[in-house]
Amino acid sequence: MEAAVFIAAAAVILVGAVGVVGSRNPVHSALFLIQTLLGAAVLFVLQDAHFLAAVQVVVYAGAIVILFLFVIMLLGVDRAMRLDIEPIAGQRPLAVIVGVALAAVLLTVTVVATGELTGVRRAAGERALDNGLSDVERLGRVLFSQYALAVQATAVLLTIAVVGAVVLTRRHGGHSGPSGEET
Amino acid sequence: MMAQIGPVAAPAVDWAGLGPVLALALGAVVAIMVRTLARRLPDWVDWAWTALVAAAAAGAAVSLWGRVGAEGPFNAVGDQFGVDRFSLLVTAVIAVSVMLVAPVLHGFCQREGWSGPEIYVLMLLSAAGGVVMAGANDLVVLFLGLEILSIPAYVLAARNLARIQSLEAGLKYFVLGAFSSAFLLYGIALVYGSTGTTNLVGIRDYLSRWVVLSDAMLLAGLALLLVGLGFKVAAVPFHAWVPDVYQGAPTPVVAFMASAVKTAGFAAVIRVFVVAFDLRSGDWQPAVYALAVVTLLTGAVLAVVQRDVKRMLAYSSIAHAGFVLVGVQAASGRGTAAAVFYLAAYSVLVIGSFSVLAAVSGPGDSRTGLDDLRGLNSRRPALALGFTVLLLAQAGVPLTSGFVAKFEIIAAAVDARSFWLAVVAMVSAVVAAFLYLRIMVAVYSSPDGGDGAGDAEESAEPLAVPVLTGLVVAATVAVTVGVGVLPSVLHDLARDAIPALVAAG
């Protein structure tokens with residue numbers, strides 16, 4: 001049962017991922033991204049991480065991809081891109097070769113070497129999980145003890161996002177008038 | 001990690017240890033709050049406040065330096081953020097870089113007609129991220145520090161909204177930066193998968209206690225970490241963004257990127273590879289060796305064939321990164337000290353060099369071609385002299401900090417028995433010297449000697465150099481020569497800057 005669900009979810013994820021990269025239309029890419037994220041949510045459920053699964057659907061599939069779509073449509077780039085322009089000769093075949101090689105290495109590492117992948121003893125991992133807490137509570141505890149500094153640091157990132165958005169979108173205050181720019 | 005039922009065990013926080021980060025981040029937030037409420041403050045308040053905040057951060061680092069000397073390295077937050085002399089020296093270099101760039105940025109903003117504190121705020125926040133990276137004891141914290149460092153840099157690169165190259169620089173930097181972050185995250189995930197922790201102390205502890213028999217995943221994780229961080233420090237297969245970004249971004253911002261951002265990136269490299277994975281140095285050293293060779297040669301050779309001075313200095317910064325990688329590759333205390341010395345000396349040099357370019361580039365920030373420098377000597381002899389000293393130092397001429405820095409690196413490489421790498425580094429220095437000579441020839445040639453009459457007419461205009469920019473150039477020249485003549489002060493600081501990983505409690 002678990003294996004069947006995993007294989008189904010993995011297939012959904014992979015098809016979605018290929019679709020994100022392969023679609024000519026950015027809107028289709030965004031929709032394929034939702035498919036990938038939903039598949040990942042199923043995998044989280046399979047791991048008993050129900051809270052993460054819910055967050056995955058609500059935040060990523062629900063909010064972030066909708067934002068993507070919003071931007072795509074606002075900027076009017078919802079049309080096929082010209083993909084036949086190649087600024088550097090031979091870069092596309094090279095990218096395919098390098099990409100396939102990297103994928104092969106990572107697959108070898110994560111799939112073929114299964115079993116003796118890590119040195120971590122299984123028991124240690126299970127003991128840490130088996131303390132009678134719900135996964136929300138467990139997550140909260142980890143975030144505010146082991147990763148307290150990381151949680152605080154994200155506040156700085158949010159500040160940067162706000163300031164950066166203001167800088168890049170403000171019309172006035174930039175260079176006044178046309179700036180005899182050579183190219 | 002076992003969590004008990006009941007209240008959350010909050011990690012112990014040593015606020016003083018967080019001093020430099022807090023100073024930079026709070027200073028940035030205060031700046032934006034005050035300037036939002038008090039819009040009529042004069043423009044110089046922004047740079048003065050920025051320099052003051054950076055000075056406070058440097059001061060905090062200095063006071064912590066003494067404390068670490070007395071009590072040994074300690075953790076500021078649980079086991080997530082370490083305070084040791086390595087991170088403190090890196091903090092000081094970043095803070096001093098901000099102090100030097102802020103006045104140049106002021107002159108630049110006035111010329112371009114930019115107002116508002118945002119550009120300074122972003123620089124301060126970026127510096128805070130760099131400080132977080134320098135002390136990170138956890139790969140998650142390291143990653144967040146990297147993002148805090150990088151995202152403001154993307155925005156700053158695109159800040160010159162009137163110049164298409166600046167927008168292009170911002171976009172390229174952003175896309176490739178995000179790409180490299182993905183590599184880094186993938187690496188972090190694989191390292192976590194193979195060691196069971198993201199904590200550098202825990203990883204080191206794990207590797208020293210267990211022999212990992214099947215280490216494919218760990219090695220793949222290490223490789224991806226190297227790729228991710230290699231993008232940030234602009235090592236060669238991952239350098240493609242550097243020339244375009246350095247050419248397009250506003251010139252003072254480039255000074256910041258080449259000094260603080262690069263220093264923070266290397267701090268992370270040293271912290272992860274030399275310190276946390278020191279027991280696996282046999283695995284990563286060959287990779288860093290190869291990166292260093294390619295970086296040294298590509299940077300130096302491609303720098304020579306450029307026509308734009310900002311692009312030239314961009315490729316030369318790649319070659320300089322290769323030198324630091326040589327120090328990292330040594331995987332020894334001496335190598336780390338040499339790398340830190342190099343980063344400190346190079347940060348000052350590169351800020352001085354780009355400050356000169358910021359003054360020369362003219363309204364619109366576009367006149368940075370080699371021909372635009374022609375006749376600088378007759379227009380501004382003092383500036384030309386300062387630029388010459390800085391370029392000579394970049395080339396590694398004796399009696400400048402550049403020579404001592406290169407010497408330390410090569411000595412560390414020889415010490416680690418990497419003789420061929422030392423030879424490659426010296427060849428790279430010789431090739432790069434030609435590049436600096438090319439710029440100097442342009443500076444001292446007569447304005448009407450080369451390209452016809454229109455050029456001469458333009459060059460005859462008086463060149464307005466802001467007083468503050470001139471002072472920064474003078475200061476960087478003074479430091480460069482001072483360190484070159486009396487290297488022992490910085491040498492001792494770098495020697496004492498030993499990175500450490502301390503377990504919590």
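Values below: all heavy atoms of this structure, side chains included; hydrogens, waters and symmetry mates excluded. Note that the structure is predicted; figures quoted are calculated from it, not measured. Naming convention: chains lettered A, B, ... in sequence-line order (proteins, then strands); numbering from 1 in each chain.
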Is it the side chain or the backbone of V167(A) that comes within 4.5 Å of chain B heavy atoms, both, or neither? both

Does any backbone or side-chain atom of L156(B) lie under 4.5 Å from a heavy atom of chain A? Answer side chain, backbone, both or neither.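 For L156(B), no heavy atom lies under 4.5 Å from chain A.
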
Keeping Q80(B) on the side-chain end and Q146(A) on the backbone end, is there a donor-acceptor pair under 3.5 Å? yes

Rounded at 0.5 Å granularity, tell me how far OH in Y154(B) sits from CD1 in I160(A). 11.0 Å

Once you round to the nearest 0.5 Å, how far does CG of L102(A) lie from CZ of F183(B)? 5.5 Å

Check whether more than 12 heavy atoms from other residues, nucleotides or ligands sit under 6.0 Å from atom CZ of F238(B), and answer yes or no.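 More than 12 within 6.0 Å, yes.
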
Under the criterion side chain to side chain contact (heavy atoms under 4.5 Å, CB included), I'd like the reasoning laid out for Y147(A) against L144(B): C-alpha separation, chi angles, the key distance, then a yes or no. CA-CA 11 Å; Y147(A) 295 110; L144(B) 280 165; over 6 Å; no

What residue in V141(B), I148(B), N199(B), V77(B) has the most heavy-atom pairs under 4.5 Å with chain A?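 The option with the most such pairs is I148(B).
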
For each of V155(B), T197(B), L167(B), L18(B), tally heavy-atom pairs with chain A at distances under 4.5 Å, and name the one with the top tally. V155(B)

If every non-hydrogen atom of S145(A) is compared with every non-hydrogen atom of P11(B), which pair is closest and at what distance?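 It is O-CG, 3.4 Å.
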
With a 4.5 Å cut-off on side-chain heavy atoms, are L106(A) and L224(B) touching?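 Contact flag for L224(B)/L106(A) side chains = yes.
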
Within the structure provided, determine whether T159(A) and V121(B) are in side-chain contact (heavy-atom separation under 4.5 Å).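 No, too far: nothing below the 4.5 Å cut-off.
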
